[in-house]
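Data block below; observations after.
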Amino acid sequence: MFRWVVLVVLGLFFLLPLAAMVEFTTRGDGNTWSLLVDWPQLSATYPDLAEGIAASLEQALLTALLMLVLLVPTAVWVRLRLPGLRPLVEFICLLPLTIPAIVLVVGLAPVYAWVNYFLGGSSLTLVFAYTILVLPYAYRAIDAGLSAIDVKTLAEAARGLGAGWFTVMVRVVLPNIRSAVLSAAFLTVALVLGEFTIASLLNRTNLQVAINLLGKSSATMSVAVSLAALVLAFVLLLILSLFGDRRKASR
């Protein structure tokens with residue numbers, strides 16, 4: 001009984017603010033949500049917001065790709081060839097979790113001065129900072145997936161049959177850690193869509209920066225976009241949870 005009471009209280013604690021946001025965004029003419037799903041009209045009415053949405057989606061996609069390209073081969077290679085370095089790799093990957101974002105920006109600012117010089121001031125350059133930022137969450141997800149299988153035996157069996165390392169990675173290891181890779185990708189997308197501090201302090205454009213600027217001129221649309229981003233992140237995490245439960249049940 002007490003458990004259900006706690007669940008109800010927690011449900012109300014999270015749902016009431018969402019209900020208030022929905023009520024606020026439907027006041028007046030009620031065209032906020034219809035405008036939000038009409039991309040051409042939204043781009044014409046709020047060009048900065050449209051730019052922020054497009055930038056965040058591109059950043060999320062590129063960050064997920066870069067993170068997987070860097071982290072998956074590294075994690076697999078450490079397990080197969082350099083197991084003694086696993087604690088060091090884990091420490092390095094988890095280190096960003098202990099550093100506040102504002103301190104991380106102070107360290108990244110000189111680096112981004114050179115990034116601006118060579119690559120320009122595009123908002124897509126945030127991908128490098130975001131890849132560092134998502135390392136703790138992505139590493140944990142991928143490491144858990146690798147721990148659930150016998151990577152060494154699978155790799156040695158494939159190599160014994162004449163497969164190259166690329167084939168071992170793509171056709172042997174990745175199919176067995178598919179849920180872990182999806183988990184890392186979903187977590188990356190959710191984090192990038194909600195990131196504000198680094199983008200703001202580095203003077204780049206993303207969804208949260210656009211929402212912050214929009215709140216000064218159109219509070220209704222700002223709250224609507226915030227709610228949509230929150231729901232999207234919740235859906236991604238829900239899919240991740242359901243997919244993980246299904247994988248466990250099938251074993």
Side-chain angles (χ1 to χ4, degrees), residues 14-69 101 105 112 115-116 118-131 133-134 138 181-240 242-243:
F14 287 108
L15 290 177
L16 284 178
L18 297 181
M21 294 174 73
V22 172
E23 190 278 331
F24 180 77
T25 56
T26 53
R27 293 178 185 175
D29 54 12
N31 293 329
T32 302
W33 289 102
S34 59
L35 178 61
L36 188 60
V37 298
D38 187 351
W39 181 256
Q41 186 63 29
L42 181 69
S43 301
T45 308
Y46 302 106
D48 292 338
L49 176 61
E51 181 184 357
I53 293 174
S56 278
L57 292 176
E58 292 172 351
Q59 291 162 7
L61 176 61
L62 292 177
T63 302
L65 289 176
L66 181 59
M67 176 272 300
L68 292 176
V69 168
V105 172
Y112 266 84
V115 171
N116 292 343
F118 288 107
L119 301 179
S122 171
S123 62
L124 292 182
T125 57
L126 284 174
V127 168
F128 303 118
Y130 288 163
T131 301
L133 198 64
V134 304
V181 170
L182 288 176
S183 300
F186 284 164
L187 289 172
T188 298
V189 171
L191 189 145
V192 171
L193 291 180
E195 203 285 322
F196 171 77
T197 305
I198 293 178
S200 178
L201 294 179
L202 290 179
N203 296 316
R204 298 300 197 279
T205 299
N206 73 352
L207 175 60
Q208 298 302 322
V209 171
I211 290 174
N212 180 60
L213 295 175
L214 183 62
K216 301 174 182 178
S217 59
S218 177
T220 303
M221 179 57 71
S222 175
V223 173
V225 177
S226 300
L227 180 58
L230 182 63
V231 171
L232 176 59
F234 175 78
V235 169
L236 288 176
L237 296 178
L238 181 61
I239 293 173
L240 171 61
L242 293 176
F243 188 80

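None of these values were measured; they are calculated from a predicted model.
- The main-chain N or O of Ile53 is never found under 3.5 Å from a side-chain atom of Ser56 such that the two would form a donor-acceptor pair.
- Shown here for Thr205 and Ala55, the closest heavy-atom pair between the two residues is O-CB, 3.7 Å.
- Between the OG atom of Ser222 and the CG atom of Asn212 there is a distance of 7.5 Å, given to the nearest 0.5 Å.
- Considering CZ of Arg204 and OG of Ser122, their distance stands at 8.0 Å, rounded to 0.5 Å.
- Shown are Thr188, Thr63, Asn206; of these, the side-chain hydrogen bond (donor to acceptor under 3.5 Å, both in side chains) with Tyr130 is made only by Asn206.
- The two residues Leu66 and Phe128 have their closest heavy-atom pair at CD2-CD2, 4.3 Å.
- Within the 3.5 Å criterion, the main-chain N or O of Leu124 finds no donor-acceptor partner in the side chain of Glu58.
- A donor-acceptor distance shorter than 3.5 angstrom exists from the side chain of Thr131 to the backbone of Val127, with no hydrogens or angles considered.
- When all heavy atoms are compared, the tightest approach of Ala50 to Trp39 is O-CH2, 3.4 Å.
- Rounded to the nearest 0.5 Å, atoms CG (Leu65) and CE (Met67) are 8.5 Å apart.
- For the pair Leu202 and Val105, the minimum side-chain heavy-atom distance is below 4.5 Å.
- Counting all heavy atoms, side chain and backbone alike, Asn116 lies closest to Gly121 at OD1-CA, 3.9 Å.
- Between the Glu195 side chain and the Thr197 main chain, a donor and an acceptor come within less than 3.5 Å of each other.
- Side-chain N or O atoms of Thr45 include one that pairs as donor or acceptor with a backbone N or O of Gln41 at under 3.5 Å.
- Note that CG of Leu49 and CG of Leu213 are 10.0 Å apart. Values are rounded to the nearest 0.5 Å.
- By the 4.5 Å heavy-atom criterion applied to side chains, Leu187 and Leu191 are not counted as neighbours.
- Residue Leu193 comes nearest to Leu207 through the heavy atom pair O-CD2, 4.1 Å, listed as atom of the first residue, atom of the second, then distance.
- Of the possible polar contacts, none joining the Tyr46 side chain to the Ser218 backbone as a donor-acceptor pair under 3.5 Å is found.
- Once rounded to the nearest 0.5 Å, the distance linking OG1 of Thr220 with CG of Leu35 reads 11.5 Å.
- In this structure, Asp48 CG and Leu214 CG are separated by 8.5 Å, a value rounded to the nearest 0.5 Å.
- The side-chain heavy atoms of Met221 and Val225, taken from C-beta on, include a pair separated by under 4.5 Å.
- Heavy-atom minimum distance, Leu68 versus Ala184: CD2-CB, 4.4 Å.
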